[in-house]
**Student:** 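Here it is, the structure in full.
Computed over heavy atoms, backbone and side chain alike; hydrogens, waters and symmetry mates excluded. Just so you know, residue 1 is the first one in the sequence shown, and it goes up from there.
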Amino acid sequence: DVVSNMQNTFFPMLRLSPANDDLSQFTPSMIPGIEPVPGEPQDDKGIALLLPSFTGLLERGRMGTNNVYPDRGGIVRQYPVYRDHFGWRVPSLPAKVGEVLGWKNPMEPEVYLNWRGKFGAFRSVRFSDVFEDFLRRDRQRATDEFTNKIVIIGSTASALFDSKPTPMEKIHPGVEILATAIGNIKNGDWITQAKNPWLFTALAL
């Protein structure tokens, strides 16, 4: 009930293996926020997505995938902006946040991440500390602690398996990878590769 009436909450979708598409009863046209790819025919076949369980949130469409795809060396260097499936465009969670908040999203389907540093580059707060303070009659935390902030709720414990190797860390929590992608889109400072081969030749010389 709470999140259905809020305009600033976003939730992840998990893109499952395409091998499960035939088993899915969800088609892209049934999922708000998934749009047709311009100039391509749409095939409204099943797509395997793990969706949030909030009906109100599903209706508002404030969702995006939080999948990351390591490169051949097993390192996460890029983050998807969107993925096209059957003529439909499925946005990532950072791209959906950027779209709703009016940021300029990258045109590329994926971008190289501009890392902020090793684990701990983003300020983190233990959920239990915030919750315990919320239950106190006389709260000790600042009432504006999260005002005008983007707050990502996630886990950092390696035992919960939400971690991937990155150029910064051998075990980098997924929540910080997500924060990096959101920060890159917010600030427009993702890494862009030069496409002119002569530039690399000049640099090498």
**Student:** Do K164 and I177 pass the side chain to side chain contact (heavy atoms under 4.5 Å, CB included) test, and can you show the C-alpha distance, the side-chain angles, and the key distance before you say yes or no?
**Tutor:** CA-CA 9 Å; K164 297 286 189 297; I177 299 175; 4.0 Å; yes
**Student:** Working to the nearest 0.5 Å, report the span between OG of S24 and CG of L51.
**Tutor:** 8.0 Å
**Student:** For I171, does the CD1 atom sit with more than 12 other heavy atoms under 6.0 Å from it, leaving out its own atoms?
**Tutor:**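 No, CD1 of I171 has 12 or fewer neighbouring heavy atoms, counting only those of other groups under 6.0 Å.
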**Student:** Applying salt bridge (Lys or Arg N to Asp or Glu O under 4.0 Å) to R123 and E145, what does each step give before you reach the verdict?
**Tutor:** CA-CA 12 Å; R123 177 175 176 246; E145 182 177 9; 2.9 Å; yes
**Student:** Taking the side chain as C-beta and beyond, is there a heavy-atom pair between D129 and R141 under 4.5 Å?
**Tutor:**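 D129 reaches R141 side chain to side chain.
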**Student:** Inspect the surroundings of CZ in R136 and state if more than 12 heavy atoms from other residues, nucleotides or ligands are less than 6.0 Å away.
**Tutor:** yes
**Student:** Does a sphere of radius 6.0 Å around CZ in F146 hold more than 12 heavy atoms from other residues, nucleotides or ligands, not counting ones at 6.0 Å or beyond?
**Tutor:**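 Yes - once you tally the heavy atoms of other residues, nucleotides and ligands closer than 6.0 Å, there are more than 12.
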**Student:** Decide if atom CD1 of I153 counts as having more than 12 heavy atoms of other residues, nucleotides or ligands within a radius under 6.0 Å.
**Tutor:** no
**Student:** Are S29 and Q42 close enough that some pair of their side-chain heavy atoms sits under 4.5 Å apart?
**Tutor:**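 No. Closest side-chain heavy atoms not under 4.5 Å.
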**Student:** Grouping I, L, V, M, F, W and Y whenever their side-chain heavy atoms are under 4.5 Å apart, do F134 and F127 come out in a common cluster?
**Tutor:**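 Yes; F127 is reachable from F134 via cluster members.
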**Student:** Would you say M107 and V81 make side-chain contact, with heavy atoms under 4.5 Å?
**Tutor:**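 Heavy-atom side-chain distance check fails, nothing below 4.5 Å.
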**Student:** Is it possible for you to say whether I150 and F10 belong to one hydrophobic cluster, with membership spreading through side-chain heavy-atom contacts below 4.5 Å?
**Tutor:** yes
**Student:** Quick one: does F122's side chain get under 4.5 Å of L178's, heavy atoms only?
**Tutor:**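 F122 vs L178: side chains apart.
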**Student:** If I take atom CG from residue L58 and atom CE from residue M30, how far apart are they, to the nearest 0.5 angstrom?
**Tutor:** 10.0 Å
**Student:** Applying a strict under-4.5 Å side-chain criterion to I, L, V, M, F, W and Y, I'd like to know whether V175 and Y79 cluster together.
**Tutor:**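 Yes, V175 and Y79 fall within the same hydrophobic cluster.
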**Student:** After noting the C-alpha distance and the side-chain angles of V97 and I185, does the key distance pass the side chain to side chain contact (heavy atoms under 4.5 Å, CB included) rule?
**Tutor:** CA-CA 9 Å; V97 173; I185 293 179; over 6 Å; no
**Student:** With side chains defined as the heavy atoms from C-beta onward, is the minimum distance between W88 and P36 less than 4.5 Å?
**Tutor:**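 SC-SC contact between W88 and P36 confirmed.
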**Student:** So which heavy atom on S155 is nearest to which on P173, and how close?
**Tutor:**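 Scanning both residues, the minimum pair turns out to be O-CB, 4.2 Å.
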**Student:** By salt bridge (charged side-chain N to carboxylate O under 4.0 Å, His left out), which residues pair with D1, not counting sequence neighbours?
**Tutor:** none
**Student:** Is there a side chain to side chain contact (heavy atoms under 4.5 Å, CB included) between V111 and I191 once you walk through the steps?
**Tutor:** CA-CA 7 Å; V111 293; I191 295 176; over 6 Å; no
**Student:** Under 3.5 Å, is there a donor-acceptor pair between the side chain of T65 and the main chain of N67?
**Tutor:**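 No: the side chain of T65 does not pair with the backbone of N67.
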**Student:** S4 and R60: side-chain donor and acceptor closer than 3.5 Å?
**Tutor:**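 Side-chain D/A pair, S4 to R60: absent.
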**Student:** Surrounding NZ of K149 (heavy atoms of other residues, nucleotides or ligands, distance under 6.0 Å), is the total greater than 12?
**Tutor:** yes
**Student:** With salt bridge (charged side-chain N to carboxylate O under 4.0 Å, His left out) as the rule and sequence neighbours excluded, what pairs involving residues 68-83 come up?
**Tutor:** D71-R77, R83-E110
**Student:** Shortest non-hydrogen contact from N114 to T180?
**Tutor:**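 Heavy atoms of N114 and T180 come nearest at O-CG2, 3.7 Å.
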**Student:** Working to the nearest 0.5 angstrom, can you tell me the gap between E99 CD and R62 CZ?
**Tutor:** 12.0 Å
**Student:** Under the 3.5 angstrom rule, does the side chain of D133 hit a backbone N or O of R139 as a donor-acceptor pair?
**Tutor:**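 No; zero donor-acceptor contacts below 3.5 Å.
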**Student:** Should V90 and I47 count as side-chain neighbours, where that means a heavy-atom distance under 4.5 Å?
**Tutor:**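 Of all side-chain heavy-atom pairs linking I47 with V90, at least one is under 4.5 Å.
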**Student:** Can you measure from CG (L101) to CG (N8) and round to the nearest 0.5 angstrom?
**Tutor:** 8.5 Å
**Student:** Could you state whether V100 and F11 fall into the same hydrophobic cluster, counting links through intermediate Ile, Leu, Val, Met, Phe, Trp or Tyr residues with side-chain heavy atoms under 4.5 angstrom apart?
**Tutor:** no
**Student:** Distance check, rounded to the nearest 0.5 Å: M168 atom CE versus I75 atom CD1?
**Tutor:** 11.0 Å
**Student:** Show, in sequence, the C-alpha distance, side-chain angles and deciding distance for N184 and W115, and conclude whether the side chain to side chain contact (heavy atoms under 4.5 Å, CB included) test is met.
**Tutor:** CA-CA 9 Å; N184 282 189; W115 300 96; over 6 Å; no
**Student:** Taking all non-hydrogen atoms of both residues, which atom of V130 and which atom of V125 are closest, and how far apart?
**Tutor:** CG2-CG1, 3.3 Å
**Student:** Under 4.5 Å between any side-chain heavy atoms of I31 and M63, yes or no?
**Tutor:**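 They are in contact (side-chain heavy atoms under 4.5 Å apart), so the answer is yes.
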**Student:** Does some side-chain heavy atom of F86 sit less than 4.5 Å from a side-chain heavy atom of D44?
**Tutor:**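 The answer is no; the side chains never approach within 4.5 Å.
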**Student:** Starting at CG of D162, measure out to CG of N66 and round the result to the nearest 0.5 Å.
**Tutor:**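 Nearest 0.5 Å value for the CG-CG distance: 7.5 Å.
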**Student:** To check you understand the geometry: which heavy-atom pair defines the closest contact between E176 and K118, and what is its length?
**Tutor:** OE1-O, 3.9 Å
**Student:** What pair of heavy atoms forms the shortest contact from G98 to N105, and how long is it?
**Tutor:**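 Reported closest heavy-atom pair: CA-OD1, 4.0 Å.
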**Student:** Which pair of non-hydrogen atoms, one from F119 and one from E169, has the smallest distance, and what is that distance?
**Tutor:**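 Minimum heavy-atom separation between F119 and E169: N-OE2, 3.0 Å.
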**Student:** Should the heavy atoms of other residues, nucleotides or ligands under 6.0 Å from OH of Y69 be counted, would the total exceed 12?
**Tutor:** yes
**Student:** Is L50 reachable from F26 through a run of I, L, V, M, F, W or Y residues, each pair having side-chain heavy atoms under 4.5 Å apart?
**Tutor:**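 F26 and L50: separate clusters.
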